Amino acid sequence: MSTPPLLELHDVTVAYHGRPVLWHVDLAVESPCLYGIIGPNGAGKSTLVKAALGIVPLADGWVKFFGEPLDRVRGRVGYVPQRESVDWDFPVRAIDVVLMGTYHRLGWMRRVGRAERELAAACLDRVGMADFATRQIGRLSGGQQQRVFLARALAQQAEIYFLDEPLAGVDAQSQQQIFRVLSELRDEGKLVLIVHHDLRTAASWFDRVALVDMRLVAAGPTEEVLSRENLARTYSGHLEVLDELGRAVEAGRRTP
Amino acid sequence: MSGLRGVIEFLTASGGMHGWAMATAAVVSAAAAVVGSLLVVRRMSLIGDAISHAVLPGIVVGVLLGGRPGGPLATLGAVAAALLTVWLAELLRGKARLSEDAAAGVVFTTLFAAGVALLSAAASRVDVDPGCVLYGMLELVPFDTVELAWLEVPRAFLGGLLVLAGVLAVLWLSWRQQLATAFDADAAAVVGLPAKAMTTGLLCATAVVTVASFEAVGAVIVVAMLVVPAATAELLVATLPRLILVAVGLAVASACSGYAVAWQAETNAAGMIAVMLGVGYAAAVLIAPDGMLARGTASLRLAWRVVCEDVLAEAWRAEEVGAALPASPRGGLAGMLAAWWLTRRGRLLPGGRLSEQGRGQAEMVVRSHRLWETWLGRHVRLPLDHLHPPAEWIEHYLGAEMRQRLEAEMAHTPAGSVAADPHGSTIPPER
């Protein structure tokens with residue numbers, strides 16, 4: 001039997017309060033690469049990631065990692081949420097956040113030990129943040145906070161990474177640093193999926209992309225997917241049908 | 001020594017009545033502070049408030065079923081009521097599309113009112129005083145005791161101590177899970193940490209702490225004990241373990257001082273403890289590292305530096321045209337005060353001339369001013385008469401390194417050298 005895909009989404013549909021916002025996404029990623037999830041604002045890119053990771057429930061469909069449901073492979077899958085999703089005034093230091101990446105391996109009984117501390121320090125160093133280890137996270141710039149988030153994911157030592165807009169609102173230096181680390185991860189044989197909104201940079205950054213706008217428009221090698229025709233289908237906003245139908249489903253009535 | 005003897009006498013008088021009451025207040029406050037710390041850093045103070053009120057019907061039902069107000073049955077009822085609160089609030093948010101705060105507000109006020117109604121209806125059968133619900137009966141706590149070996153221990157103290165020990169033990173065991181969930185619940189759940197269980201556990205702990213505090217301080221004042229110590233500690237320290245330690249310290253200190261003051265002033269002890277917590281918070285707002293006092297001093301210091309530098313620069317410009325600093329420099333009273341001070345410190349000589357040291361400082365202010373005017377003139381399209389005001393402001397913020405950078409950069413622009421500013425005045429060299 002051939003090896004199962006690293007990630008497989010089958011007919012994934014997500015609804016908020018009964019209104020479908022993401023329709024029938026079918027997607028398989030076979031091998032390690034930098035994978036861009038691209039689409040306009042409100043297209044459901046973050047929702048797709050959250051659905052894959054079980055953070056929001058699926059209305060329909062299923063998701064498998066390495067051919068297995070997520071519950072059996074947690075720890076091999078890492079997640080870097082949008083930076084705005086957490087409270088950066090939270091009383092922890094940068095190194096404490098990175099250490100959180102090691103927690104799932106410790107279980108209930110083992111405490112954080114020397115090995116974990118050394119790993120966390122190495123991960124902070126890898127994103128160029130070694131000098132800020134004991135800084136309270138609220139006193140870091142946006143780009144530095146994002147790099148701390150990335151370091152936490154590195155400390156997790158996962159095989160598949162999801163990153164939600166890791167390059168949004170980030171200074172140029174941090175952007176370079178983050179992108180370099182993500183490329184290294186790919187070269188180490190990891191699958192890195194990145195939610196990204198900027199089409200101009202997408203073409204040069206990602207090996208493969210999925211164009212999403214309430215449904216999967218196209219997926220595959222970057223140069224094939226980012227065709228003029230596909231982009232027009234994604235960004236021209238011809239989705240009144242899905243939008244209107246979604247509202248009707250939510251309200252439990254028939255469309256006019 | 002007489003002060004210490006007075007304290008000991010106060011604590012041990014009438015069979016240790018004050019001592020026990022104080023100790024009870026201290027343990028329940030400490031337990032509330034620990035749980036409250038997690039609520040506050042997770043921005044869940046409101047849900048803590050809601051739970052501490054909404055447990056009332058649960059307690060009353062527990063007592064109606066034969067339990068004591070602080071006993072296991074009442075605790076069970078309270079936990080059930082707390083979970084019901086959270087579930088109902090979630091339901092209202094999801095199904096009725098209410099905002100989170102409105103949903104919590106609707107649910108807990110309704111449940112609390114139901115509890116009060118139930119309490120009044122069953123007044124003859126329930127050994128709970130409605131007044132106690134509001135602000136507790138700390139003064140009466142020492143009279144309801146249980147025999148423990150040779151010691152008569154107030155029931156409420158024992159209950160509080162058990163809850164404190166339980167809360168600390170559970171927190172110790174689940175520390176990493178709690179911390180990761182509190183900071184980023186989604187990411188914690190993705191890697192398989194029990195984020196949902198941690199949140200539910202925190203809500204249950206809030207209910208348990210409320211029940212333990214119920215007899216001593218009442219369901220209303222316990223809100224202050226949950227929220228205020230942690231909110232105060234948050235202003236003072238930067239990591240969660242320290243925050244919890246400081247919160248517990250503040251809670252115990254407020255419990256003891258509040259009780260003592262209340263006894264002296266013959267007023268309600270629980271209320272005075274909450275007042276003490278509030279006073280502590282106000283003090284922290286003032287003295288915190290980033291507090292009002294620190295910020296006030298910093299801005300005063302800055303204002304004074306600006307006035308002094310302005311006087312020095314004025315003296316330098318006067319010298320440039322062969323005059324001395326006028327007897328009343330610009331800046332009014334502050335300017336005159338600065339001139340007097342600068343003379344005392346040897347920056348100005350009597351007669352309004354600059355000393356060598358003063359000249360050095362003044363020159364760097366003027367240099368900053370004229371460099372900035374030049375830079376603005378080249379990089380920002382501003383008319384000539386608009387250059388002075390911004391430079392008057394920025395001159396106080398330009399450091400030596402930045403000045404060198406500006407100069408070096410402008411030397412390479414087509415306009416060439418920077419010996420003079422746009423008004424034609426000479427730019428003094430760096431010293």
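It should be emphasised that the depicted structure is a prediction, and the values quoted were computed from it without experimental measurement.
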I'd like to know whether [atom1] of [X] has more than 12 heavy-atom contacts from other residues, nucleotides or ligands below 6.0 angstrom.
X        : atom1 : value
B:Arg43  : CZ    : yes
A:Trp62  : CH2   : yes
A:Glu188 : CD    : yes
A:Gln173 : CD    : no
B:Glu100 : CD    : no
B:Arg97  : CZ    : yes
A:Trp108 : CH2   : yes
A:Arg72  : CZ    : no

(request) Mind listing the closest non-hydrogen atom pair of A:Val77 and B:Val191 along with its distance? (result) O-CG1, 4.2 Å
(request) Locate the shortest heavy-atom distance separating B:Val190 from A:Arg74; write the atom from each residue and the value. (result) O-NH1, 3.1 Å
Does the side chain of [Y] come within less than 4.5 Å of [X]'s, by heavy atoms?
X        : Y        : value
B:Asp186 : A:Ser85  : no
B:Thr239 : A:Val92  : no
A:Phe90  : B:Leu179 : yes
B:Val237 : A:Gln136 : no

At a heavy-atom separation under 4.5 Å, does [X] approach chain B through its side chain, its backbone, both, or neither?
X        : answer
A:Leu99  : neither
A:Val97  : side chain
A:Arg110 : backbone
A:Leu53  : both

(request) Could you tell me the separation between the CZ atom of A:Arg93 and the CG atom of B:Leu240, rounded to the nearest 0.5 Å? (result)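 If I round to the nearest 0.5 Å, the distance is 11.5 Å.
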(request) With a 4.5 Å cut-off on heavy-atom pairs, point out which of A:Trp88, A:Tyr103, A:Phe162, A:Tyr16 contacts chain B the most. (result)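 Looking at each of A:Trp88, A:Tyr103, A:Phe162, A:Tyr16 in turn, A:Tyr103 comes out on top.
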(message) I'd like to know which of A:Lys50, A:His104, A:Arg105 tops the heavy-atom pair count under 4.5 Å against chain B.
(response) A:His104
Part of [X] within contact of chain A (heavy atom distance under 4.5 Å):
X        : answer
B:Leu193 : side chain
B:Ala188 : neither
B:Arg242 : neither
B:Ala189 : backbone
B:Pro194 : side chain

(message) Is there a side chain to side chain contact (heavy atoms under 4.5 Å, CB included) between B:Phe183 and A:Arg152? Walk through the geometry before answering.
(response) CA-CA 12 Å; B:Phe183 175 60; A:Arg152 178 182 66 173; 3.9 Å; yes
(request) For side chain to side chain contact (heavy atoms under 4.5 Å, CB included), just list the numbers for B:Arg176 and A:Arg111, CA-CA rounded to whole Å, side-chain angles, deciding distance to a tenth of an Å, and then say yes or no. (result) CA-CA 9 Å; B:Arg176 276 168 286 119; A:Arg111 303 266 129 192; 4.3 Å; yes
(message) Under a 4.5 Å cutoff for heavy-atom pairs, which residue among B:Ala238, B:Ala180, B:Gly192 has the most contacts with chain A?
(response)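 Most heavy-atom pairs under 4.5 Å with chain A: B:Ala238.
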